[in-house]
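This report refers to the structure that appears directly beneath it.
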Amino acid sequence: MLEKELLFPKGRIRERVKELGEQIASDYAGKDPLFVGVLNGVVFFFADLMRAISIPVKIDFIRAASYGSRMTSSGEIRISKDVEKPVRGRHIVLVEDIVDTGITIAFILNRMKEKDPASVKVCALMNKVERRQKEVPMDYVGFTIESGFVVGYGLDYNEEYRNLAEIYVLKP
Ligand code: IMP
């Protein structure tokens, strides 16, 4: 196990997720939104966020496979699991664990727009800004960090650390 340092404790995460849920519920009241989680890392955040939203929600999932090493992101992406519910005319909220270069979410966002939704917005637990290559509108953000590799609360390093209840930064 690599050395790690606590970044966001449980209470802070819970509080921030509650705020995001309240904001989204107020923005989407009466709109019957479809929340699309980007697998796998998002599942912990997604489950908590959905329960923090007081209006009715519908959910679906999408998964993008990328090639390249884990500490960086390569530019090659494909959809390995697409949404299953109809998207046309719906208000879509894409929910991601972390946006780093922006390549993954930009790709998914374009894919989603091709399906002719009424609107698409992006909600990310973490916004990591230093290495951004694709400018993507970040409509709802849990936490913004400059750099570093974070794990826990769904985020992994080589498939480890996902089930930690808090968010840590790995020491280089
Ligand atoms: P992007 O395409 O560079 O924005 O990368 C997005 C994906 O890279 C995320 O969905 C994560 O799977 C992974 N990723 C990027 N930074 C981190 C990190 O700090 N911790 C864990 N996963 C990360």
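Throughout, numbering of the chain's residues begins at 1 and tracks the sequence. Counting starts at 1 for both ligands and their atoms, in listed order.
The closest side-chain heavy-atom distance from Val38 to Val95 is not below 4.5 Å. Taking 4.5 Å as the limit, some side-chain heavy atom of Phe143 sits within range of a side-chain heavy atom of Leu125. Contact of the Met126 side chain with the Asp97 side chain is not registered, since no non-hydrogen atoms from C-beta on lie closer than 4.5 Å.
Ligand-side atoms of ligand 1 in range of Thr104: 1 (P), 2 (O), 5 (O), 6 (C), range being under 4.0 angstrom from any heavy atom. Residue Glu96 has at least one heavy-atom neighbour below 4.0 Å for each of these atoms of ligand 1: 10 (O).
Residues satisfying the salt bridge (charged side-chain N to carboxylate O under 4.0 Å, His left out) test with Lys10, not counting sequence neighbours, are none. Applying the side chain to side chain donor-acceptor pair (under 3.5 Å) rule to Asn110 yields no partners; only residues at least two apart in sequence or on another chain are considered.
Between Gly41 and ligand 1 there is no heavy-atom distance shorter than 4.0 Å. Close to ligand 1: Gly148, with a non-hydrogen atom less than 4.0 angstrom away. Ligand 1 lies less than 4.0 angstrom from a heavy atom belonging to Asp156.
For Tyr153 and Phe8, the distance between ring centers is not under 6.0 angstrom. Between Tyr157 and Phe149, the ring center distance clears the sub-6.0 Å criterion.
The proximity of Lys128 to ligand 1, defined as any non-hydrogen pair under 4.0 Å, is limited to the side chain.
In the candidate list Ile105, Ile98, Asp97, Ile98 is nearest to atom 23 (C) of ligand 1, counting heavy atoms. Checking Leu155, Val150, Asn158 against atom 20 (N) of ligand 1, the nearest heavy atom belongs to Val150.
Ligand 1 has no nitrogen or oxygen under 3.5 angstrom from a nitrogen or oxygen of Val151.
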